[in-house]
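Written below as structure tokens is the structure these notes are about.
Values below: all heavy atoms of this structure, side chains included; hydrogens, waters and symmetry mates excluded. Since we're looking at a predicted model, the values are computed, not measured. Proteins get letters first, then strands, A, B, ... in listed order; numbering begins at 1 in each.
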There are 2 protein chains.
Amino acid sequence: MVALKTSANPLFLREEELRRGIELMFYAYREFTSEPDRILAKIDLGRAHHRAIYFIGRYPGITVSELLAILKITKQSLSRVLGQLLERGYVEQAKGERDQRQRLLTLTEAGHALEQQLTNTQRCRFAAVYKAAGAEAVAGFRAVLAGIIDPTDLERVERLLSIPQEEKPEATKRLPVKCMKKEA
Amino acid sequence: MVALKTSANPLFLREEELRRGIELMFYAYREFTSEPDRILAKIDLGRAHHRAIYFIGRYPGITVSELLAILKITKQSLSRVLGQLLERGYVEQAKGERDQRQRLLTLTEAGHALEQQLTNTQRCRFAAVYKAAGAEAVAGFRAVLAGIIDPTDLERVERLLSIPQEEKPEATKRLPVKCMKKEA
DNA sequence: AGGTTAAGTCAACATGGCTGACATTTCGCA
DNA sequence: TGCGAAATGTCAGCCATGTTGACTTAACCT
């Protein structure tokens, strides 16, 4: 499909390649969030709620401070979102055992169902692409994105993977992914 | 660093891999936009302005409709942003030759300088990562993101690459990338 | 006992999306 | 030639989600 005279101007080519990377990020991120956004809109929630739900599902029992550290938003912003999720029964709070000041956040059954529904669309997207692109492409994809992100964040992403499976939180062990077939 | 008992539960592993993809997207996109955001904040502009400037720089002479098709926002939203960019002298409009209804958008010198400054931070990030990760990783990165994005958008991204270099718009041929060295 | 930390709250504001309604100019065709 | 459609612009208002700043409460720790 793409056949370029690679000899012409190496500087230009480099520029073009870098811009391609930039644009792929823009388009892909938009696409990546579009399906969850659509689902959320129907129940009067937004992307901010998805993010909170996602990470509470990912790290059950997470404290408010930890969640703030992941999301990197102010506690006032989070509070609004979290308040709505509590009110509508997607999230529950429990006082910390060790430290009673902490509020440990977990998903309710409804929260879990919603998280699955939302994340599933993204999971399926990745599953399909991973399969089509192959293991090596996936490794490359991960290497590049990992190179872009903040080392502190990267460490957090890696952390879970390095925990032996038995210690993993319940929530991450759940049901197999079921994807809809594409329409013909 | 990461050593997992891969034999244990293939289903879980798959789940974990897919979640990693999702999280990398989240963290990477945030990091990817953070530097331009910082620069823009200093001159009282936002990410929306960056996007407009970026694509006007990318496709000089682009019409308003075409820009709308790329950004996928309403004309009212774009109009606000574009108005500010015109007012502050970053963008210029010219009537279309063939179709006088069209407004062909181009960057002014100031606009170009700003576009370079903004995009350069992202370009440098990618340049460094590409170099560290290697050509194969880059190919994988692109394959995965290309698989995620909307085919219509993908076509647009690919289009420029397939045009022989001589026909490329001026703006994309410009200066070589200069990146700051990291602080020790 | 007293400073620090975790969490929450109130108020005000900015950005950047959105909808709906409507005006102007130009184009293209029957 | 005239009329509908298209490209653009504009007004008004709404909503989601981020921000800052000031302050409270409860629990922790030394």
Is [X] close enough to [N] that one of its side-chain N or O atoms is under 4.0 Å from OP1 or OP2 there?
| X | N | value |
| --- | --- | --- |
| Arg51(A) | dG18(D) | yes |
| His49(A) | dT17(D) | yes |
| Lys95(A) | dA27(D) | yes |
| Gln93(B) | dG9(D) | yes |
| Arg103(B) | dT26(C) | no |

By nearest atom, which of the nucleotides [options] is closest to the [X] side chain?
| X | options | result |
| --- | --- | --- |
| Ser77(A) | dG8(C), dT19(D), dA27(D) | dT19(D) |
| Ile73(A) | dA7(D), dT19(C), dG18(D) | dG18(D) |
| Thr74(A) | dC28(D), dT19(D), dA7(D) | dT19(D) |
| Val64(B) | dG9(D), dC27(C), dG16(C) | dG9(D) |

Determine whether any donor atom in the side chain of Arg80(B) lies under 3.5 Å from an acceptor atom in the base of dG17(C), or the reverse, and answer yes or no.
-> yes

Could a donor-acceptor pair under 3.5 angstrom be found where the side chain of Gln76(A) meets the base of dG21(D)?
-> yes

Nearest nucleotide by nearest heavy atom, which residue falls closer to the 5' end of DNA chain D, Lys72(A) or Leu86(B)?
-> Leu86(B)

More 5' along DNA chain D: Gly96(A) or Lys75(A), using each one's nearest nucleotide?
-> Lys75(A)

Whole Å only: how far is the [atom1] atom of [X] from the [atom2] atom of [N]?
| X | N | atom1 | atom2 | answer |
| --- | --- | --- | --- | --- |
| Gln100(A) | dC28(D) | CD | P | 5 Å |
| Ile43(B) | dT15(C) | CD1 | C1' | 15 Å |
| Arg98(B) | dA6(D) | CZ | P | 16 Å |
| Leu85(B) | dT15(C) | CG | C1' | 14 Å |
| Gln102(B) | dG9(D) | CD | P | 11 Å |
| Lys42(B) | dA14(C) | NZ | C1' | 19 Å |
| Arg30(B) | dG18(D) | CZ | P | 11 Å |
| Leu105(B) | dA7(D) | CG | C1' | 12 Å |

Does the pair Arg123(B) and Glu35(B) meet the rule for a salt bridge (charged side-chain N to carboxylate O under 4.0 Å, His left out), with working shown?
-> CA-CA 11 Å; Arg123(B) 220 171 1 214; Glu35(B) 281 207 62; over 6 Å; no

Counting only heavy atoms not in Lys72(B), do more than 12 fall under 6.0 Å of its NZ?
-> yes

So does Gln100(A) have more than 12 non-hydrogen atoms from other groups sitting under 6.0 Å from CD?
-> yes

Any Lys/Arg nitrogen of Arg30(B) or Asp150(A) sitting under 4.0 Å from an Asp/Glu carboxylate oxygen of the other?
-> no

Note: Ala48(A) and Val81(A) closest approach over all heavy atoms is CB-CG2, 3.7 Å

So which heavy atom on Arg142(B) is nearest to which on Glu17(A), and how close?
-> NH1-O, 3.7 Å

Closest-nucleotide ordering on DNA chain C, the 5'-leading residue of Leu82(A) and Arg101(A) | Arg101(A)

